[in-house]
Amino acid sequence: MFDNYFRKEIAWGGKTLVLESGKIARQADGAVMARLGDTIVLCTAVGARSAKPGQDFFPLTVHYQEKTFAAGKIPGGFFKREGRPSESETLISRLIDRPIRPLFPEGFRNEVQVIATVLSHDMENDPDVVAMVGCSAALTLSGIPFFGPVGAARVGYINGAYVLNPTLEERKQSALDLMLAGTAEGVLMVESEASELTEEVMLGAVTFGHAGFQPVIQAIIELAEVAAKEPWPLPEPSEAEVALKKRIAELGRADMAVAYTETQKLLRQEKVGAVKKKVIAALEAEGADVNLAKGLLKELEADVVRNNILDTGKRIDGRDTRTVRPIMAEVGVLPRAHGSALFTRGETQALCVATLGTGQDEQVIDALVGEYREDFMLHYNFPPYSVNETGRMGSPGRREVGHGKLAWRAIHPLLPEKEKFPYTVRVVSEITESNGSSSMATVCGTSLSMMDAGVPLKRPCAGIAMGLIKEDRGFAVLSDILGDEDHLGDMDFKVAGTEVGITSLQMDIKITSITPEIMKIAVEQAREGRLHILGEMAKGLTGARTDVAATAPRITVINVPKDKIRDVIGSGGKVIREITEQTGTKVDIEDDGTIKVAATSTEAAQRAIDWIRGIVAEPELGVIYNGKVVKTADFGAFVNFLGAKDGLVHISELANDRVNKTTDVVKEGDQVKVKVIGFDERGKVKLSMRVVDQATGADITEQVGAKRPRPEGDDRRGGERGERRERRDHPRGD
């Protein structure tokens, strides 16, 4: 039945990688089942047979989706089915998209859709690498014009050694989590989080990973030799297109070059727009294809900008290739926020705000590998006004999720240990202006806002975006790129870190590959720029404040015996609710007996702590406590002390003089001082007020002498049955 079934199996990094085609999803242009261990991902590629008329861009979409049945789970929520993509699915979709997009031929405008579906997860091998390999294979087999295949791998760094595709357990011990993809010639994409590693270690990891996925590329080629479909014809420029391109250059090159001498972004856009409008009007009068001309005008822009940089060494805004734009770093810009910073670099600006919360504010993430909690969140927003545009406002798109995660990776390795700083931290980065590398401005602003909030980061962190212009006659590496340089250049290379080393590196190559020489120059130039930016940031704030803001909660950590946790929580959570409601605090209780009390005032926190300690404390014989009368009876008064303990002050122990009636001495609600004088046969506490100076709390046992003998005929001598009845009917007494 499966006449066109093909299978390729290789040993890869100590595991077995299997690529299968021809059995499942046979109507797709390309379909590959990729398997590593027991992690299986179905990858498909389908392309439209023709482009839509007038379309001047390449409509590629990549969808990575996880099915919960892959881990033997049922989705949560009311509908019990998978819904909108999670943040993780969105990020992995971007990971797949970034290395394959540059490998489609120039001028190809047919819609292409790539879908990766996780069918099985073995809780050991992450499906992201498997999905990237499978999608590359599916495209290679599909016949769609694609200059692949692409290989991919994950690299760890454990005990000073690189590890290819570390397992989920091994990654917990790794100082590096680096994903990369590329062709046989070079690397196209890098995404990483690192524990302040040196430039040499990071470059070594990229080289190690590139060599590591070469067997995968060879396996895809061998599979394609027997299973690939007939290739589609490559798009060729028509004579009319060649002639139109030449005519556009004649009409607009000189004016475009003049427009790009304007250093101010909005004025430059206005002048470039005027040149385009003039050229289009002239072409319309000549009867040319206007839609095609708009795309060719973009090529003219790129040609003007790129050649000017290579020819003169001067960039759009007049800088040389290494200079960073002017920087201003301000902190404490919002009076009620726990921490805030305004970071401005040239025409890019980020307003970053840090908020401190408790364990109750942690984000609960339901992933295939299981549910876990995240205590550091970073949310990046890019409103249209930041680039002088109108546009959609709503939930974050893929770009916003990706940029936020990049900044998160840069800061995450620098967070203090939870035991030393038991807060949940959320940072929001509002991009208020943008002209290049707003994600790196977010890194800088986030670092400043967290230090302003009193988060003891290991060191300040800064980021810089590098660009590349590469032609046959040479190349130029650009520090701190502008938006146009990113759009018209060949590389977007972002490096974040501290004065000690790199914490995050992200690279996207828009050409087939770059040389190790270029990467080395870019990393070293980035280090130079990063140190400069850190110096400018220090003018605003050099390190974390010694205390959190007055508006932030204060968290106090105490520990109680594990067997007392139930007493603190109470039946159905009754006790803990009473504590939080009456003290106005938040209380988090962990299974090991760690209790975190959060409050905006020291007094409220202390009340809650005293209450909890009272619950778990055991009364000590001879110790004096503060208490509250909660019940009176003929034979004495019940006093609550240590937060949740009750004891009986017998009427004979209320005062040194004879007491005829309990209420002659105390009433319900009175605050009193009591001494533990013993325990009855049931362990109930016996208290005395008469041996304690109620004004000073001093022990006056010696002054009052031994207990007076009870007067003959006193009918209050035992009252044991009444006492037992009162204890039974009075819940606090039991």
Taking the basic N atoms (NZ, or NE/NH1/NH2) and the acidic carboxylate oxygens, is any pair closer than 4.0 Å for [X] and [Y]?
X    : Y    : result
R530 : E199 : yes
R306 : D490 : yes
R268 : D484 : yes
D320 : R315 : no
R426 : D361 : no
E191 : R409 : yes
D492 : K494 : yes
D317 : K265 : no
E196 : K458 : no
K298 : E301 : no
E347 : R325 : no

About how many Å separate [atom2] of [Y] and [atom1] of [X], when rounded to the nearest 0.5 Å?
X    : Y    : atom1 : atom2 : result
S504 : M202 : OG    : CE    : 7.5 Å
H532 : I327 : NE2   : CD1   : 4.5 Å
K314 : I309 : NZ    : CD1   : 12.0 Å
S88  : L368 : OG    : CG    : 8.0 Å

Polar side-chain atom of [X] near backbone of [Y] as donor-acceptor pair, under 3.5 Å:
X    : Y    : answer
E471 : G474 : no
H338 : A354 : no
R98  : A181 : no
Y423 : P553 : yes
D303 : E299 : no
T312 : N308 : yes
T348 : G436 : yes
E262 : A259 : no
T321 : L478 : no
T446 : V443 : no

What is the minimum heavy-atom distance between [X] and [Y], and which atoms define it?
X    : Y    : answer
G483 : N435 : N-OD1, 3.1 Å
V304 : R253 : CG2-NH1, 4.0 Å
P384 : M393 : CD-SD, 3.5 Å
L91  : G402 : CD2-CA, 3.7 Å
A48  : N110 : O-ND2, 2.9 Å
F421 : G454 : CE1-O, 3.5 Å

Candidates I469, I514, I521 - the one meeting side chain to side chain contact (heavy atoms under 4.5 Å, CB included) with F475:
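When I469, I514, I521 are each tested with F475, the side chain to side chain contact (heavy atoms under 4.5 Å, CB included) holds only for I521.
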Determine whether the side chains of [X] and [Y] contain a donor N or O and an acceptor N or O closer than 3.5 Å.
X    : Y    : result
Q349 : T344 : yes
Q65  : E89  : no
S434 : S386 : no
Y385 : T390 : no

(request) Indicate yes or no: at least one non-hydrogen side-chain atom of R399 is less than 4.5 angstrom from one of Y380. (result) yes
### Message
Run L414 and T503 through side-chain contact (heavy atoms from CB on, under 4.5 Å) and show every step you take.
### Response
CA-CA 8 Å; L414 304 172; T503 57; 4.2 Å; yes
Atom [atom1] of [X]: over 12 foreign heavy atoms under 6.0 Å:
X    : atom1 : value
E270 : CD    : no
K278 : NZ    : no
K470 : NZ    : no
R84  : CZ    : no
K245 : NZ    : no

Students often mix this up, so state it plainly: with edges at 30° and 60°, are the rings of F104 and F108 parallel, tilted or perpendicular? parallel
**Message:** Between R171 and D126, does the salt bridge (charged side-chain N to carboxylate O under 4.0 Å, His left out) criterion hold? Intermediate values first, please.
**Reply:** CA-CA 11 Å; R171 284 163 60 185; D126 206 309; 2.9 Å; yes
**OP:** I would like to know whether V206 and M519 meet side-chain contact (heavy atoms from CB on, under 4.5 Å); could you show each step before the answer?
**Re:** CA-CA 10 Å; V206 173; M519 285 191 62; 3.7 Å; yes
Taken in chain and number order and not counting sequence neighbours, the residues that satisfy salt bridge (charged side-chain N to carboxylate O under 4.0 Å, His left out) with R109 are none
